[in-house]
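Quick notes on the structure that follows.
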Number of protein chains: 2
Amino acid sequence: MAAPSTDRLGFLLSFRGELTSARIRAALGVAGLHPRNVMTLMRLAPGAMSQRELAAAMEIDPSQLVAVLNELESEGLAERRRDPADRRRHIVEITEAGAAVLGRVDAAVGEAERELFGDLTEAEQALLRSLLDRVVVDAADHDCGGAE
Amino acid sequence: MAAPSTDRLGFLLSFRGELTSARIRAALGVAGLHPRNVMTLMRLAPGAMSQRELAAAMEIDPSQLVAVLNELESEGLAERRRDPADRRRHIVEITEAGAAVLGRVDAAVGEAERELFGDLTEAEQALLRSLLDRVVVDAADHDCGGAE
DNA sequence: TATTGTTATACTCTATAACTATA
DNA sequence: TATAGTTATAGAGTATAACAATA
């Protein structure tokens, strides 16, 4: 849906964020993976963890994570193995192939950022970052009814 | 899904945009309407137009607009009438009640923006706006496959 | 035959709850 | 009984195609 009153800063930030998000998602898809699967690999890159921990870190429901890991595992990009200490748990780990994919993705995201922010100097990019960091987005509950 | 590498400016802008969008949508819902319906009223505020024009302006499919207008009309916030010059067309118009709703919404959005950007001075808000305006988001086609 | 608005259908996402196997 | 992971189901949202009325 196109912007109706981009003269409001809130709308401007929302719409630019959405378009930026679309460009980044396209970059994440460079290896033919779903962006969500790539985000999962990114989470796993620093180290292995249980599915429950991974779901919590990504703020998604554990049941949604199942399909993601099925796909990643079938493509050889991540592995699940039982935790010997507690056989209910799965330890999830990124594979070498998964890490290699992340390398390609990182290059594509870098390219996307050069396109997105290429008209800004390094200093201006740093300034934009610091201003965005000061936007207050701590989700106080502002649900006002809505929908029908 | 939470941020995996907010150290990249593209991710930061995406995630701040998403959270800002959520806060703005909550404000749009202040009158109990679906945000999409409020956006439609905003488009109609400057003047009446046909459904086809309205759909084009909002960049949505005409068929999706039908349900929105049904709801707005049943709530007395907008009206459809046949164009006498071309009886295929519907002229869509906001009502006084619809304009009144927009007044309440505008106040709520103003409040949301004060929360979001209250830590920034007026000058900093203007700076943020000008930097966002220079982010390049003209959708060149970057579809790289993705999904499965 | 082309266009406007409408309806119907299908596909994706997401949220939730029920189920299994372990503890 | 409680927890980790899985499966199944339902709902919202969206995209597409077929349709009726009018040009």
Side-chain angles (χ1 to χ4, degrees), chain A residues 1-2 14 18 21-22 25-26 28-29 32-40 43-44 48-74 78-93 139 143 145-148, chain B residues 1-2 14 18 21-22 25-26 28-29 32-40 43-44 48-74 78-93 139 143 145-148:
Chain A
M1 184 147 44
S14 292
E18 176 56 36
S21 177
R25 280 196 308 273
L28 292 181
L33 270 64
H34 194 295
R36 168 194 49 185
N37 295 13
V38 178
M39 299 291 270
T40 306
R43 280 285 177 187
L44 288 174
M49 65 186 89
S50 76
Q51 282 190 215
R52 184 133 309 237
E53 289 166 328
L54 183 55
M58 302 184 68
E59 292 173 16
I60 64 173
D61 195 273
S63 66
Q64 293 176 241
L65 190 54
V66 175
V68 172
L69 292 179
N70 287 347
E71 291 167 17
L72 289 176
E73 209 165 26
S74 75
E79 282 175 359
R80 280 183 276 214
R81 54 173 208 282
R82 288 277 166 200
D83 181 348
D86 180 347
R87 292 188 39 75
R88 289 173 305 184
R89 308 174 83 225
H90 277 159
I91 303 297
V92 189
E93 201 167 24
D143 203 323
E148 41 261 30
Chain B
M1 185 146 43
S14 292
E18 175 56 36
S21 177
R25 281 197 307 273
L28 292 181
L33 271 65
H34 194 295
R36 167 194 49 185
N37 296 13
V38 178
M39 299 290 271
T40 306
R43 280 284 177 189
L44 289 173
M49 66 186 87
S50 76
Q51 282 190 214
R52 184 133 309 239
E53 289 166 328
L54 183 54
M58 302 183 66
E59 293 173 16
I60 64 175
D61 195 272
S63 66
Q64 294 175 241
L65 189 55
V66 175
V68 172
L69 292 178
N70 287 347
E71 291 167 15
L72 288 176
E73 208 165 27
S74 75
E79 282 176 0
R80 280 184 275 213
R81 56 174 204 282
R82 288 277 167 202
D83 182 348
D86 179 348
R87 293 190 39 74
R88 289 174 303 184
R89 308 174 82 226
H90 277 160
I91 303 297
V92 189
E93 201 168 24
D143 203 325
E148 41 260 35

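Because only heavy atoms are used, hydrogens play no part in the values below, and waters and symmetry mates are left out as well, while side chains stay in.
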* **Partner of B:M58 by side chain to side chain contact (heavy atoms under 4.5 Å, CB included), out of B:R43, B:E53, B:Q64** => B:R43

* Asked: Among D:dG5, C:dA15, C:dG5, which nucleotide sits nearest the side chain of A:Q64?
  -> C:dA15

* Between D:dT6, D:dG5, C:dT4, spot the one nearest the side chain of A:R80, thanks. => D:dT6

* **Phosphate OP1/OP2 of D:dG13: any B:H34 side-chain N/O under 4.0 Å** => yes

Compare every heavy atom of [Y] with every heavy atom of [X], then report the nearest pair and how far apart it is.
| X | Y | answer |
| --- | --- | --- |
| A:L28 | A:V38 | O-CG2, 3.3 Å |
| A:S50 | A:V92 | C-CG2, 4.4 Å |
| A:P35 | A:R25 | CG-O, 3.9 Å |

* **Distance in angstrom units between A:I60 CD1 and C:dT16 P, rounded** => 14 Å

* Structure fact -> Taken to the nearest whole Å, CD/A:Q51 to P/C:dT20 is 19 Å

* Side-chain donor-acceptor pair present, B:T40, B:R36, cut-off under 3.5 Å -> no

Review item, nucleotides 19-23 of chain D N/O atoms under 3.5 Å of protein N/O:
from, atom 1, to, atom 2, distance (Å)
D:dA23, OP1, B:R87, N, 2.9

* To do: Check for a donor-acceptor pair, side chain of B:R82 on one end and backbone N or O of B:R88 on the other, with a separation under 3.5 Å.
  => yes

* Asked: Any side-chain heavy atom of A:L72 within less than 4.5 Å of one from A:R80?
  -> no

* Contact class for A:R52 vs. all strands (heavy atom < 4.0 Å): base, sugar-phosphate, or nothing? -> base

* With distance as the sole criterion, do the side chain of A:S63 and the base of C:dT16 form a donor-acceptor contact below 3.5 Å? -> yes

* Inter-end axis angle, the helix from C:dT1-D:dA23 to C:dA23-D:dT1, with every axis fitted to five base pairs (rounded, 10 degrees) -> 30°

